[in-house]
Number of protein chains: 2
Amino acid sequence: MNDSPEAGLDRDRIQSIERGFAVLLAFDEESPSPTATEVAERTGLSRPAVRRILLTLQHLGYVKVSGQRWMLTPRVLTIGQHFAATNSIIEVTQPHLLRLAERTGESASLAQLDGIDVIYIARVHARRVLSLNVDIGTRLPAHATAMGRVLAAFGGADEVDRIINEGGLPALTSRTVTDPINFRDILHQVRVDGFAIVDGELEEGFLSASAPVRDAKGAVIAAIAYSTSRARQTPEEVARDVLPILREIALDIGSDLAVLGDRPRVLALGARNTFS
Amino acid sequence: MNDSPEAGLDRDRIQSIERGFAVLLAFDEESPSPTATEVAERTGLSRPAVRRILLTLQHLGYVKVSGQRWMLTPRVLTIGQHFAATNSIIEVTQPHLLRLAERTGESASLAQLDGIDVIYIARVHARRVLSLNVDIGTRLPAHATAMGRVLAAFGGADEVDRIINEGGLPALTSRTVTDPINFRDILHQVRVDGFAIVDGELEEGFLSASAPVRDAKGAVIAAIAYSTSRARQTPEEVARDVLPILREIALDIGSDLAVLGDRPRVLALGARNTFS
DNA sequence: TCCTGGTGTACGCTGTGCGTACGATTTGCA
DNA sequence: TGCAAATCGTACGCACAGCGTACACCAGGA
């Protein structure tokens with residue numbers, strides 16, 4: 001009965017693992033501490049299956065029970081640590097982001113592309129208060145962010161197609177560019193300019209500039225960004241005052257990466273015990 | 001043959017899920033981009049099994065291949081987001097930590113206990129530069145940190161036992177308290193005082209003070225901390241100048257939590273699109 | 001008192017996921 | 001240039017891991 005061309009999708013995929021993550025991700029703001037039955041409903045799995053998975057995750061330390069209600073434990077945060085530990089770019093970039101934030105007095109970020117989103121992988125907040133939670137691990141739609149456009153412009157054509165077709169360029173404000181042709185033109189311009197500035201297309205009043213970070217081979221592996229409020233600066237001011245700094249710092253990061261190379265990893269170990 | 005008391009360890013645990021996480025965590029600083037064979041060696045799994053697991057994780061978007069080498073993707077960072085999204089304490093605490101950091105000019109942190117470690121779940125860095133990567137998700141041994149002692153002191157007896165027996169109170173500097181009896185005395189004092197100050201027991205020259213955060217029912221659910229350098233302040237100065245502020249802020253957080261209650265969750269949704 | 005909605009668990013069948021085994025490919029060395 | 005060693009991917013058949021059905025139980029509310 002698996003004769004249909006679509007069926008039999010990959011015999012090389014392990015159902016239980018996919019189920020495990022489905023359960024783990026069933027914990028969200030809509031259901032922060034669900035019962036096993038609730039998890040079963042949300043995931044579409046049978047209750048005994050969910051129970052087995054929750055017990056497994058509990059044994060691994062990622063969830064705990066309190067009465068009938070299950071909760072994530074802080075241990076899930078450590079999974080992300082492995083990403084940081086395996087990407088020298090984060091370590092390398094941190095001081096440069098700090099420098100950027102200090103010279104400008106605004107927020108500085110580092111991000112990579114993930115499907116149709118960008119994900120922040122490092123960030124230094126503006127001292128200017130009330131940052132609020134655009135923090136490491138946060139996803140934002142690539143098409144309406146300066147970093148997303150830089151990463152798309154210098155990434156593969158398939159990634160651009162995915163953003164257009166899969167994502168569909170939804171309007172997030174009245175200013176969001178939603179026309180594919182227009183969008184491709186913009187990306188072309190980004191490729192020519194070597195930077196992107198986005199003004200209020202993600203959120204009204206939010207202004208951001210981004211430049212690509214290149215590895216030793218010249219491949220774009222991330223983007224850095226400067227973010228501010230339209231109330232404080234115009235795009236023209238950003239282009240004039242901030243862009244040179246931003247591009248310089250992007251190049252500096254590239255140089256540092258080239259020095260490090262993919263060479264035998266030096267001890268990044270002590271980092272765990274290094275304090276301010 | 002499952003008659004032996006030890007054997008038959010839980011039929012309610014799913015092997016594949018445990019294997020999946022084992023593979024995911026096989027990516028670390030010692031092996032940032034391993035081949036499938038390397039992963040097999042590190043995890044003790046067969047190569048085809050590892051291959052299936054990697055393909056599964058790739059399909060989920062958590063790893064990618066480049067040639068023969070596998071790497072984590074930034075998507076693993078989003079797993080941690082679910083923890084933040086399901087714990088109102090983080091959201092509630094952030095502004096208070098900021099206030100603490102601004103009033104003192106040093107770093108402020110929020111942590112919870114995980115086994116024998118504390119895990120940072122929120123943090124505001126000192127503007128004083130070069131913080132360096134004691135960041136969200138970082139684990140530190142509970143027995144030698146102010147936050148760990150607060151959480152142990154106000155936690156269950158089993159947690160204290162675990163820290164002593166499982167962890168073994170290893171000396172991290174010459175000052176670390178390693179004697180169980182001495183350690184229990186200190187915890188007792190913390191319980192009496194309602195705070196902990198640790199001076200150079202985790203790392204030479206590192207000085208930290210911590211106070212418990214209580215929920216509406218009075219249960220200690222986290223700890224906040226103030227961290228500085230011994231070069232800048234003595235423990236006595238911290239006790240005199242900072243401790244009152246720290247305890248006040250811990251109480252403020254508790255009040256905010258009580259207000260929120262476990263009541264029907266209000267929208268925390270917009271947070272995703274809120275900027276500085 | 002029943003009813004609702006949660007829980008744990010026994011159990012037998014199925015098909016998932018296992019590892020062995022093999023062929024293809026690449027790399028280093030003679 | 002050719003052989004050997006060490007990768008890789010993958011086919012395949014078997015075993016048992018994990019599945020869901022079914023049932024018992026328990027707490028709270030009507």
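Naming: A, B, ... by sequence-line order, numbering from 1 per chain.
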Write out a two-atom table: protein N or O, nucleotide N or O from nucleotides 6-9 of chain C, distance below 3.5 Å.
from   : atom 1 : to     : atom 2 : distance (Å)
dT7(C) : OP1    : A36(A) : N      : 3.0
dT7(C) : OP2    : T37(A) : N      : 3.3
dT7(C) : OP2    : T37(A) : OG1    : 2.2
dT7(C) : O4     : R47(A) : NH2    : 3.0
dG8(C) : OP1    : R51(A) : NH1    : 3.2
dG8(C) : OP2    : R51(A) : NH1    : 3.2
dG8(C) : O5'    : R51(A) : NH1    : 3.2
dG8(C) : N7     : R47(A) : NH1    : 3.4
dG8(C) : O6     : R47(A) : NH2    : 2.9
dT9(C) : OP2    : R51(A) : NH2    : 2.8

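The closest side-chain donor-acceptor pair between S109(A) and R123(A) falls under 3.5 angstrom.
Counting all heavy atoms, side chain and backbone alike, V65(B) lies closest to Q68(B) at CG1-C, 4.5 Å. Heavy atoms only, all atoms of each residue included: A49(B) and R19(B) are closest at CB-NH1, 4.0 Å. Scanning all heavy atoms of the two residues, the minimum distance from Q81(A) to I136(B) falls at OE1-O, 3.0 Å.
For F21(A), the ring pair (Phe, Tyr, Trp, His ring centres under 6.0 Å) partners at least two apart in sequence or on another chain are F21(B), Y62(B).
Phosphate contact (OP1/OP2 of dC18(C), side-chain N/O of S46(B), threshold under 4.0 Å): absent. The phosphate of dT16(C) (OP1 or OP2) has no side-chain N or O of R52(B) nearer than 4.0 angstrom.
Regarding E18(A), its CD atom lies at a distance of 12 Å from the P atom of dT16(C), rounded to whole Å. Computed from coordinates, the R13(A) CZ to dC18(C) P distance equals 15 Å when rounded to whole Å. The CG atom of L45(B) sits 15 Å away from the C1' atom of dA17(D) (whole-angstrom rounding). Between Q15(B) atom CD and dA15(D) atom P the separation is 17 Å, expressed in whole Å. Remark: C1' of dG17(C) and CD1 of I17(B) are 14 Å apart, rounded to the nearest angstrom. For the pair L55(B) CG and dA11(D) P, the interatomic distance rounds to 13 Å; values are reported in whole Å.
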Side-chain polar contacts of residues 150-163 of chain A - donor-acceptor pairs under 3.5 angstrom, sequence neighbours left out - could you list them?
from    : atom 1 : to      : atom 2 : distance (Å)
E159(A) : OE1    : G156(A) : N      : 3.1
D161(A) : OD1    : R184(A) : NH2    : 2.8

